[in-house]
Amino acid sequence: MENVLEIAEKIRSMEIRGAGTIARAAAEALKSHAQQFDGTKIKEFNIQMSQTAEILVATRPTAVSLPNAIRMVMGYTGKTVDEARTDLIRRADSFIKSSKDATRRIGAIGSKRIRDGDTIMTHCNSQAALSVIAQAHKDGKDINVIATESRPRLQGHLTIAQLNELGINTSLIVDSAVRYFMKDVDIVVVGADAITANGSVINKIGTSQLALAAHESRTNLIVAAETYKFSPRTLLGEMVEIEERDVLEVMDSEKLSAMLHVSVRNPAFDVTPPSYIDVICTEVGAISPEISYIIISDILGWDLQDMLDEEIKA
Ligand code: RI2
């Protein structure tokens with residue numbers, strides 16, 4: 001179990017982060033746990049795998065990519081440990097591969113929205129959003145990027161390092177300068193941690209005010225997101241839980257404890273309504289947020305009636 005606990009801790013502490021990356025890490029952790037299992041009883045194997053899945057799901061609550069990936073891997077079948085293990089490993093490998101392919105395809109689709117000479121604003125550090133930007137650059141388009149710091153964890157620093165590596169001209173700005181610079185921006189490209197059945201996008205805190213500023217100035221905003229970031233349970237009316245992280249990410253404890261009347265709030269994500277989103281670029285196409293339901297039902301294969309029946313049974 002040690003390897004799984006280590007990976008779970010890395011996801012919790014955000015040493016491993018980014019909705020797609022944590023999904024792949026969870027699939028990898030399930031696979032390695034199955035490989036390490038040295039018993040012969042299928043019942044014991046199933047129990048251990050379920051416990052492992054529970055540990056991984058509990059690490060971060062918002063990115064739906066995590067439970068979606070775990071569900072895909074845990075759909076394994078087999079009457080013996082060997083059969084079950086083989087199927088689980090096949091599923092994990094297939095998820096990891098399709099996830100990486102999806103990010104590339106999103107780049108190919110989303111980059112068509114970028115024109116030669118565009119200035120692109122992005123927020124946080126999304127591999128899907130960066131795939132769009134990188135592909136536009138690869139296609140020979142002359143682009144500039146404005147990247148936010150993304151307080152409090154400063155994922156923007158990862159973004160500028162990646163863009164620098166690609167040779168893309170980039171300016172780093174503080175999060176509160178988003179509206180100030182919006183007049184210079186042609187298009188906003190962000191990622192997603194979860195997308196609800198009604199097309200709302202949950203992404204790094206600050207995305208919704210960036211979207212509001214873009215909407216106000218009639219600047220298009222595109223979301224780059226793999227289909228496993230769509231949240232099936234929102235079809236049942238469930239809300240996506242917004243992770244609230246340790247206040248020490250925002251302020252050190254000494255300063256804070258000296259102020260008896262002050263508390264710090266640190267939500268990690270916010271919700272951008274579909275009306276602020278021009279298009280969601282997925283690996284199955286550039287879609288309007290309004291058809292998110294179809295992604296959940298036709299692409300992810302969730303059936304509302306089955307889900308309701310299951311809920312009633314539970
Ligand atoms: P990709 C990240 O969350 C950011 O909110 C980013 O936009 C989103 O995941 C998607 O990232 P965090 O882990 O899957 O930094 O596109 O809290 O890489």
Side-chain angles (χ1 to χ4, degrees), residues 7-28 56-57 59-69 95-96 98-111 120-135 145 147-163 175 178 188-196 200-211 221-231 240-246 249-250 266-272 277 280-283:
I7 294 177
E9 188 42 41
K10 283 184 180 167
I11 295 175
R12 201 172 290 116
S13 67
M14 292 178 67
E15 190 179 323
I16 298 175
R17 56 146 296 280
T21 308
I22 61 176
R24 288 189 293 273
E28 196 63 64
L56 291 164
V57 162
T59 52
R60 294 193 72 190
T62 304
V64 74
S65 50
L66 185 61
N68 277 349
F95 173 77
I96 292 165
S98 66
S99 157
K100 288 180 180 163
D101 288 348
T103 313
R104 273 191 293 272
R105 287 177 75 151
I106 288 168
I109 291 170
S111 59
I120 305 160
M121 185 176 274
T122 191
H123 185 52
C124 196
N125 178 252
S126 155
Q127 297 318 307
L130 283 169
S131 176
V132 171
I133 297 168
Q135 188 58 51
V145 176
T148 57
E149 275 186 309
S150 313
R151 283 264 302 146
R153 299 291 299 231
L154 301 177
Q155 289 97 323
H157 289 201
L158 302 171
T159 297
I160 58 170
Q162 278 181 264
L163 292 168
D175 299 340
V178 152
V188 176
V189 185
V190 293
D193 290 79
I195 301 174
T196 66
S200 293
V201 167
I202 292 93
N203 193 48
K204 184 55 54 195
I205 190 76
T207 304
S208 69
Q209 63 191 14
L210 167 51
L221 177 144
I222 67 173
V223 174
E226 300 84 343
T227 50
Y228 58 79
K229 291 177 181 161
F230 287 73
S231 170
V240 174
E241 182 185 341
I242 302 292
E243 177 181 13
E244 191 140 351
R245 294 186 61 83
D246 198 324
E249 290 184 346
V250 179
N266 185 22
F269 303 100
D270 62 21
V271 184
T272 298
I277 299 163
I280 303 176
C281 294
T282 74
E283 73 277 18

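Since we're looking at a predicted model, the values are computed, not measured. For ligands, and for the atoms within them, numbers begin at 1 and follow the listed sequence.
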Discussion item. Nearest 0.5 angstrom please: Arg151 CZ to Cys124 SG, how far?
Written reply: 13.5 Å
Item to complete: Would you check whether Gln155 has a nitrogen or oxygen atom less than 3.5 angstrom from a nitrogen or oxygen atom of ligand 1?
Response: yes
Item to complete: Give, for atom CD of Glu243 and atom OG1 of Thr59, the distance between the pair rounded to the nearest 0.5 Å.
Response: 8.5 Å
Discussion item. Does atom CD (Gln162) have a neighbourhood of more than 12 heavy atoms from anything else shown, all under 6.0 Å?
Written reply: yes
Item to complete: Give the atoms of ligand 1, by number and element, whose distance to some non-hydrogen atom of Phe269 is under 4.0 Å.
Response: 3 (O), 5 (O), 17 (O)
Discussion item. Among all the protein's non-hydrogen atoms, which is closest to atom 18 (O) of ligand 1, and how far away is it?
Written reply: Gln127 N, 2.8 Å
Response to the item:
Of all protein heavy atoms, the one nearest atom 17 (O) of ligand 1 is Lys204 NZ, 2.7 Å
Practice prompt. Could you check if a side-chain atom of Val178 sits within less than 4.5 angstrom of a side-chain atom of Thr148, using non-hydrogen atoms only?
Written response: yes
Worksheet item: Can you tell me how far the OG1 atom of Thr282 sits from the CD1 atom of Ile106, to the nearest 0.5 Å?
Response: 6.5 Å
Discussion item. For Arg105, I'd like to know if atom CZ has over 12 heavy atoms of other residues, nucleotides or ligands within 6.0 Å.
Written reply: no
Worksheet item: In terms of atom number and element, which parts of ligand 1 are under 4.0 angstrom from non-hydrogen atoms of Lys229?
Response: 1 (P), 14 (O), 16 (O)
Discussion item. Can you name the atoms of ligand 1, numbered from 1 with element, that are less than 4.0 Å from a heavy atom of Asn203?
Written reply: 4 (C), 5 (O), 6 (C), 7 (O), 8 (C)
Discussion item. Any heavy atom of Arg60 closer to ligand 1 than 4.0 angstrom?
Written reply: yes
Discussion item. Taking a cutoff of less than 4.0 Å between a non-hydrogen atom of the residue and any ligand atom, is Ala192 in contact with ligand 1?
Written reply: yes
Discussion item. Evaluate Ala19 for polar contact with ligand 1, using N/O atom pairs at a separation under 3.5 Å.
Written reply: yes
Practice prompt. Please examine the side chains of Thr227 and Asn68, heavy atoms only from C-beta on, and report whether any two atoms are closer than 4.5 Å.
Written response: no
Discussion item. Can you report which non-hydrogen protein atom sits closest to atom 15 (O) of ligand 1, along with the distance?
Written reply: Arg17 NE, 2.7 Å
Worksheet item: Are any of the side-chain heavy atoms of Asp246 and Asn266 separated by less than 4.5 Å?
Response: no
Worksheet entry | Residue, atom name and distance, where the atom is the protein heavy atom closest to atom 3 (O) of ligand 1 | Asp193 OD2, 3.1 Å
Discussion item. So for Met14, does at least one of its heavy atoms come nearer than 4.0 angstrom to any atom of ligand 1?
Written reply: yes
Worksheet item: If we only count heavy atoms from C-beta on, is the Gln127 to Lys100 side-chain gap below 4.5 Å?
Response: no
Fill in: Option whose closest heavy atom lies nearest to atom 4 (C) of ligand 1, chosen from Ser126, Gly18, Ser65, Cys124
Cys124
